[in-house]
Amino acid sequence: MTPPKVALLLSFVSAGVAGIASGPRIGFYWTQGNSPRGMSLSRDGNLILDGRYSGLTEVRDGQTFAHKFTLVGHTAPIECTCLLPDGLTGVNAGNDQTMRVWDLQTGLLKQVVTGFSGDVWCCAATPDGSKVVTGDATGRIQIWSVPSFAKVFDTGNLGKGSIVSVVAAPDSSAFSVCFGDGTAKEFFIDGSSKCDLTGSPFSLSELAWHPDGSRLLAVGGSGKLQEYDASTGVLLRTFPAPVQGLRACYSSDGALVASSWLFNLYISDAVTGTVLRSVEMLREPDTIIASGPGHRFLVKGGRGMWLMDGDTGAILRSRLASSGASSFGAVSKTGKYFVAGKSVAMDIFDGESGEILGTIPYDSGSAVSAVFEPSGQYFCAGFTDGKTRIYNVSDWSLARTIYLTSSSCLATTARADGQLTCGYADKSLRVYDGSTGALLRTLTGHTGQVNSLAYYPQGNKIASASDDGTVIVWDADTGAGLGTVPLSSAVKVVAVSPDGSKLLTGSADGNVRVFGAESGTLLRTIPASSQVVRAIVFTAGNREVMMGGKDGFLRLWDVNSGALLATPTFVGATNGLALGCNGRMVGLGGDEAVGNMKIARSVTSGP
């Protein structure tokens, strides 16, 4: 069944302040746990359309999984995709109640199709390329002529619940549909009724045609797989245990049946129903299957994508996605790269497309803080084992390791000349030469762990925030303490405005406080969150600040007036924010409840 409709491409909720339209625009998309319903494989197996709940659709090479395009335009989750048989045209549709047609040679949008009365949950192209059939959440089936995409048939609401599955017959003469009430039906391609699928004691949710068009494979209640006569709709058989499926399909020659059930992928003989092999797909309860040339099956789930040989069960190709909540995010100065840290590895993303470029596994400890060195040559990460590891950005190889204490390195920041400062759970700060890793000095004065660090823009001072309820400002060159700002609760994050005039703190009491950066005078207290404030980033010059916390909301504030400018709805705690100097990328930490990491793309309003 189609999952609940949750709009993950989000828009601002105006707070009634003039000028919001010219402010930042934020769009969130999942970069992991992003298991789409909408995945299609071309007939020759050379192209994949991978629709996302984010509203994006990835176009990939079907053999290598290499990224070709990201199709951007939908404003809500993608629910379905299909490829026309020419291999040059792709279709996707979703919860914004539109269908979009794409040129897959250029990645450019060709057409936007409207006229739907609800979210579009499924679509299918006929093998001859003449029609596309869609089904929506209101229980309405529509048939569209290709290439004009003029509507040629409309059932209206059939009163049988939403349309949850639609597949076209191999000879393009008919199509079959599963309804939300658990029934299924065949229609001729002109929209006239052909037959009902009858004789099953189970509700049906997914259908697949046999390549010769004689049979239909259906997924029923409790995961039962059943076959029907495609001419009459009569139930022919139920596959014997242990074969079960949430998704199922025939191989391209009809000899095998692949089905997924929770953590297992079953390959069965299509004639006898005998299980030939079972493959355990770790952490993949939502596996989606499509058949490729020969006995190859494309397997897609929330943690990756695999191309599998159905004859041997061997994984021919894999592309792993991220897993688990992210404890931090870091953005390179130009916004070209984004790094997200989790409990077992750091993932590297392309800053523009969100494409995962690679993963750095941990050999000991977990990364909990990170920063890109301003020159862009190095990336530095602090670990729970007390080590600070410095990586080459060119190939993400480990350049050097700094280790002076077993205490967790909770905060890292770098100055323009490469000087690196780290804050530790043992209440100290240590300053290193970023090029050699040599310890320059150790700063002491906090009585609680150091949670956050921020250099002043001139590089001559550094501010540190601690659980002891203070922010200390230090001389960045000598390590001398220049002043202490006391607060009433643990300080989780500190930030300095780009012009160096303001110092902001986020605390466990849910408040953000604005201080004069030189005087330490409290200028304003902003009730930014109902829970702990964990993240602060200036998004537009010295005025607009995005703040995030444990309550699952982001809030954009004018720090000069204290006015709330906008509140993007956000599900899940924010563990960190980071911004490239081009103002385009803001990285967000993980959703602890769901175990997902999100990236926000931000286009700011200017200086």
Side-chain angles (χ1 to χ4, degrees), residues 1-4 35 37 39 79-80 121-122 124 133 135-139 141 155 157-169 174-187 193-211 213-251 254 256-276 278 281 284-291 297 299 301:
M1 297 292 288
T2 299
S35 174
R37 180 178 173 82
M39 185 187 71
E79 287 292 345
C80 55
W121 282 9
C122 46
V133 183
D136 66 30
T138 68
I141 300 169
T155 63
N157 188 340
L158 293 174
K160 296 173 69 63
S162 55
I163 311 297
V164 297
S165 174
V166 57
V167 285
F175 62 92
S176 54
V177 171
C178 278
F179 296 96
D181 64 1
T183 62
K185 187 179 183 69
E186 289 183 63
F187 295 85
S193 177
K194 181 180 178 183
C195 63
D196 293 331
L197 271 61
T198 60
S200 172
F202 305 110
S203 295
L204 304 180
S205 59
E206 295 287 338
L207 297 169
W209 285 84
H210 191 280
S214 64
R215 289 167 281 165
L216 276 166
L217 183 67
V219 175
S222 301
K224 298 293 184 181
L225 292 192
Q226 299 175 308
E227 265 189 332
Y228 293 82
D229 185 297
S231 299
T232 63
V234 173
L235 176 65
L236 299 176
R237 63 168 172 163
T238 298
F239 278 70
V243 178
Q244 291 176 294
L246 296 171
R247 302 283 188 271
C249 66
Y250 293 99
S251 60
L256 302 177
V257 168
S259 60
S260 66
W261 179 251
L262 299 180
F263 294 89
N264 293 304
L265 181 70
Y266 295 102
I267 306 296
S268 307
D269 186 293
V271 176
T272 65
T274 304
V275 176
L276 302 176
S278 175
M281 307 301 294
E284 293 304 316
D286 51 0
T287 307
I288 300 173
I289 301 170
S291 58
F297 295 95
V299 182

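These numbers come from a predicted model, not from an experiment.
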### Message
Minimum heavy-atom separation for Phe179 and Lys160, please, with both atom names.
### Response
CB-O, 3.3 Å
### Task
Start with the C-alpha gap between Leu256 and Asp269, add the side-chain angles, then the distance that decides, and say whether side-chain contact (heavy atoms from CB on, under 4.5 Å) holds.
CA-CA 5 Å; Leu256 302 177; Asp269 186 293; 5.5 Å; no
### Message
So Leu207 and Leu217, do their side chains get closer than 4.5 Å, heavy atoms only?
### Response
no
### Message
Walk me through whether Asp196 and Thr198 qualify under side-chain hydrogen bond (donor to acceptor under 3.5 Å, both in side chains).
### Response
CA-CA 6 Å; Asp196 293 331; Thr198 60; over 6 Å; no
### Task
Side-chain contact test, heavy atoms from C-beta onward, threshold under 4.5 Å: evaluate it for Leu276 versus Tyr266 and give yes or no.
no
### Query
Which atom pair, heavy atoms only, marks the closest approach of Ala168 to Ala124?
N-CB, 4.2 Å
#### Entry: Inter-residue atom distance Tyr228.OH - Leu204.CG, 0.5 Å rounding
4.0 Å
### Task
Can you label the angle between the Phe187 ring and the Phe175 ring as parallel, tilted or perpendicular, going by 30° and 60°?
parallel
### Message
How long is the straight-line distance from CD of Glu186 back to CG of Asp229, given to the nearest 0.5 Å?
### Response
8.5 Å
#### Entry: Closest non-hydrogen atom pair between Ala230 and Trp209, with its separation
CB-CZ3, 3.5 Å
### Message
I'd like to check the side chain to side chain donor-acceptor pair (under 3.5 Å) partners of Asn157; sequence neighbours left out, ordered by chain and number.
### Response
none
### Query
Are Leu236 and Arg215 side-chain neighbours, meaning at least one heavy-atom pair lies under 4.5 Å?
yes
### Query
Going through the checks in order, is the side-chain contact (heavy atoms from CB on, under 4.5 Å) test met by Cys122 and Ile163?
CA-CA 7 Å; Cys122 46; Ile163 311 297; 3.5 Å; yes
### Message
Taking side chain to side chain contact (heavy atoms under 4.5 Å, CB included) as the criterion, tell me which of Thr183, Val166, Thr155 meets it with Val177.
### Response
Val166
### Query
Does one side chain, of Ser162 or Trp121, offer a donor that lies under 3.5 Å from an acceptor on the other?
no
### Query
Under the side-chain contact (heavy atoms from CB on, under 4.5 Å) criterion, do Phe202 and Gln226 qualify, and how do the steps go?
CA-CA 10 Å; Phe202 305 110; Gln226 299 175 308; 3.5 Å; yes
### Message
Working to the nearest 0.5 angstrom, can you tell me the gap between Thr238 OG1 and Lys224 NZ?
### Response
7.5 Å
### Message
Show the nearest heavy-atom pair for residues Ser165 and Ser205, with the distance to one decimal.
### Response
CB-O, 3.6 Å
### Message
Using every non-hydrogen atom in the two residues, find where Ala248 and Ala208 come nearest and quote the distance to one decimal.
### Response
O-CB, 3.9 Å
### Task
Evaluate the side-chain contact (heavy atoms from CB on, under 4.5 Å) criterion for residues Val219 and Leu225: first the C-alpha distance (whole Å), next the side-chain angles of each, then the deciding distance (0.1 Å), finally the verdict.
CA-CA 5 Å; Val219 175; Leu225 292 192; 3.8 Å; yes
### Summary
What one should report as the nearest heavy-atom pair of Gly254 and His210 is O-NE2, 3.5 Å
### Query
In Å and rounded to the nearest 0.5 Å, what is the NZ to OG distance from Lys194 to Ser231?
5.5 Å
### Task
Please check if the side chain of Thr272 supplies one atom and the backbone of Thr274 the other of a donor-acceptor pair under 3.5 Å.
yes
### Query
Under a 4.5 Å cut-off applied to non-hydrogen side-chain atoms, are Ser193 and Lys185 in contact?
yes
### Task
Any chance you could measure Ser176, atom OG, to Leu216, atom CG, to the nearest 0.5 Å?
4.5 Å
### Query
To the nearest 0.5 Å, how far apart are OG in Ser203 and CG in Asp181?
7.5 Å
